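Per chain, numbering begins at 1; letters A, B, ... match sequence-line order. All values reported here derive from a predicted model rather than from experimental measurement.
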Protein chains: 2
Amino acid sequence: MARSTPPQDVFTAVAEPQRRQILTALASGERSVNELADLLQFRQPQTSKHLQVLKEVGLVDVRSLGQQRLYQLNGERLKVIQDWVEALEQLWTSRFKRLDTLLEHLQQTPSPVETLEGHGDAHE
Amino acid sequence: MARSTPPQDVFTAVAEPQRRQILTALASGERSVNELADLLQFRQPQTSKHLQVLKEVGLVDVRSLGQQRLYQLNGERLKVIQDWVEALEQLWTSRFKRLDTLLEHLQQTPSPVETLEGHGDAHE
DNA sequence: ATAATATATTCTTTTAATAGAATATACAAG
DNA sequence: CTTGTATATTCTATTAAAAGAATATATTAT
């Protein structure tokens, strides 16, 4: 029942290993369906199907050249993922400045000091 | 059958919207299971299950504090995703320098000249 | 030992994604 | 119009993930 409900978000699309391979193959340039299938040792229908998914979430674009369909990575869409990851990392990195949680625990536990050992970071 | 074959890679783990919410909630600091469940309006068992998945792929760490389990984002593991995205973007950005693919097509197709219109490339 | 709280696990059901095989469509060439 | 090549789609079967309910385990307090 894959066709009736295709992955709609970029994250789901990229969760598939074969689709990541396709994207990687496309990163260095435009390829036709059969080129991709040959290169990655996938069957043609599977390749087409994965490409449809990638197209639906905007990770690839297509253009027609005769009877071929040339697929191309759309790097812009990768930013959806990148932005999310970076936002998380921002928060994670700046978590040392927010001692709220830590202080909460300090009030509750006898000696949670060991938790901080080994970080070596300037935590304040 | 989710428990028997849990997602092993970071990409699959992150494909789940609720797990992304959990990670986002954890980005600003450590939280207990119930804190997360309350905050995100998830049920406790679901929350635990998602956390196990995240733990298995290394995206979160746990420590025990009394009867609570405090989960914490492991930002390092996010780099797996980030590195992959950035590698792709690198290639995508530098794709203009690599005309190999384009030249390949020139050799295979009879008159793909129309394809080149507007490019202004010297093709032989 | 019993009760209360916090979290984890198991089992079942439901839903969604993937593969495979077969077929359809599109375009080009003769 | 028939053939060949490239790609897309449909249908079915399989597999995997997720939700839900119930229960188990762990820790603390009484």
Side-chain angles (χ1 to χ4, degrees), chain A residues 1-22 30-57 60-72 105 108-110, chain B residues 1-22 30-57 60-72 104-105 108-115:
Chain A
M1 218 200 267
R3 288 281 54 244
S4 51
T5 46
Q8 282 150 336
D9 68 297
V10 182
F11 290 96
T12 307
V14 155
E16 238 294 317
Q18 302 199 338
R19 283 197 286 263
R20 285 201 300 278
Q21 287 188 256
I22 290 177
E30 205 173 40
R31 302 250 180 222
S32 74
V33 178
N34 276 339
E35 277 172 356
L36 286 170
D38 290 354
L39 186 65
L40 301 173
Q41 300 276 63
F42 297 162
R43 292 168 220 272
Q44 179 267 314
Q46 305 276 17
T47 310
S48 271
K49 279 187 271 188
H50 283 312
L51 285 167
Q52 295 317 306
V53 173
L54 292 172
K55 191 171 56 130
E56 288 190 59
V57 300
V60 300
D61 296 323
V62 215
R63 69 184 179 103
S64 295
L65 177 62
Q67 51 197 8
Q68 312 189 42
R69 300 297 158 91
L70 300 178
Y71 283 86
Q72 192 180 18
H105 297 319
Q108 293 171 15
T109 57
Chain B
M1 216 200 266
R3 285 284 51 242
S4 52
T5 46
Q8 280 149 338
D9 69 296
V10 182
F11 291 96
T12 307
V14 155
E16 238 294 320
Q18 301 199 339
R19 284 198 285 264
R20 285 202 299 280
Q21 287 188 257
I22 289 177
E30 206 172 39
R31 301 252 180 222
S32 74
V33 179
N34 275 340
E35 276 172 359
L36 287 169
D38 289 356
L39 186 66
L40 302 171
Q41 299 277 62
F42 297 163
R43 291 168 221 272
Q44 178 268 313
Q46 306 278 15
T47 310
S48 271
K49 279 187 270 188
H50 283 312
L51 284 167
Q52 296 316 307
V53 173
L54 293 172
K55 189 172 59 135
E56 286 189 62
V57 301
V60 300
D61 296 322
V62 215
R63 70 182 179 105
S64 293
L65 177 63
Q67 50 197 5
Q68 311 190 46
R69 300 296 158 93
L70 299 179
Y71 285 86
Q72 191 179 18
E104 262 181 353
H105 296 320
Q108 291 173 15
T109 53
S111 60
V113 189
E114 47 191 19
T115 334

J.: Over how many whole Å does the gap from B:Phe42 atom CZ to D:dA18 atom C1' extend?
T.: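 So the CZ-C1' distance, B:Phe42 to D:dA18, works out to 12 Å.
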
J.: Does B:Gln44 have any side-chain hydrogen bond (donor to acceptor under 3.5 Å, both in side chains) partners at least two apart in sequence or in another chain, and if so, which?
T.: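 In terms of side-chain hydrogen bond (donor to acceptor under 3.5 Å, both in side chains), with neighbours along the sequence ignored, B:Gln44 is linked to B:Ser48.
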
J.: Strictly under 4.0 angstrom, non-hydrogen atoms only: write out the protein contact profile of nucleotides 1-7 of chain D, one letter per nucleotide from the 5' end, B, S or -.
T.: ---BBSB

J.: What pairs with B:Arg69 under side-chain hydrogen bond (donor to acceptor under 3.5 Å, both in side chains), at least two apart in sequence or on another chain?
T.: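 In terms of side-chain hydrogen bond (donor to acceptor under 3.5 Å, both in side chains), with neighbours along the sequence ignored, B:Arg69 is linked to B:Ser64.
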
J.: If you find the nucleotide of DNA chain C closest to A:Glu16 and the one closest to B:Thr47, which residue's nucleotide is nearer the 5' end?
T.: B:Thr47

J.: Identify, with sequence neighbours excluded, every residue that meets side-chain hydrogen bond (donor to acceptor under 3.5 Å, both in side chains) alongside A:Gln18.
T.: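 A:Gln18: side-chain hydrogen bond (donor to acceptor under 3.5 Å, both in side chains) contacts with A:His50.
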
J.: Tell me the interatomic distance from B:Gln21, atom CD, to D:dA18, atom C1', rounded to whole angstroms.
T.: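 Between C1' of D:dA18 and CD of B:Gln21: 15 Å.
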
J.: Between B:His50 and D:dA17, does any side-chain N or O lie under 4.0 Å from OP1 or OP2?
T.: no

J.: In whole Å, I'd like the distance from the CG atom of A:Asp9 to the P atom of C:dA16.
T.: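 After rounding, the gap between these two atoms is 14 Å.
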
J.: If each of A:Gln18 and A:Pro45 is mapped to the nucleotide of DNA chain C with the nearest heavy atom, which maps nearer the 5' terminus, i.e. the 5' end?
T.: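 Looking at DNA chain C, the more 5' nearest nucleotide goes with A:Gln18.
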
J.: Applying ring pair (Phe, Tyr, Trp, His ring centres under 6.0 Å), name anything that partners B:Phe42, two or more places apart in sequence or on another chain.
T.: none

J.: Under the side-chain contact (heavy atoms from CB on, under 4.5 Å) test, which residues partner A:Gln67, sequence neighbours left out?
T.: none

J.: Between B:Arg43 (CZ) and D:dT23 (P), how many Å, whole number?
T.: 17 Å

J.: Could you tell me the separation between the CG atom of B:Leu51 and the C1' atom of C:dT9, rounded to a whole number of Å?
T.: 14 Å

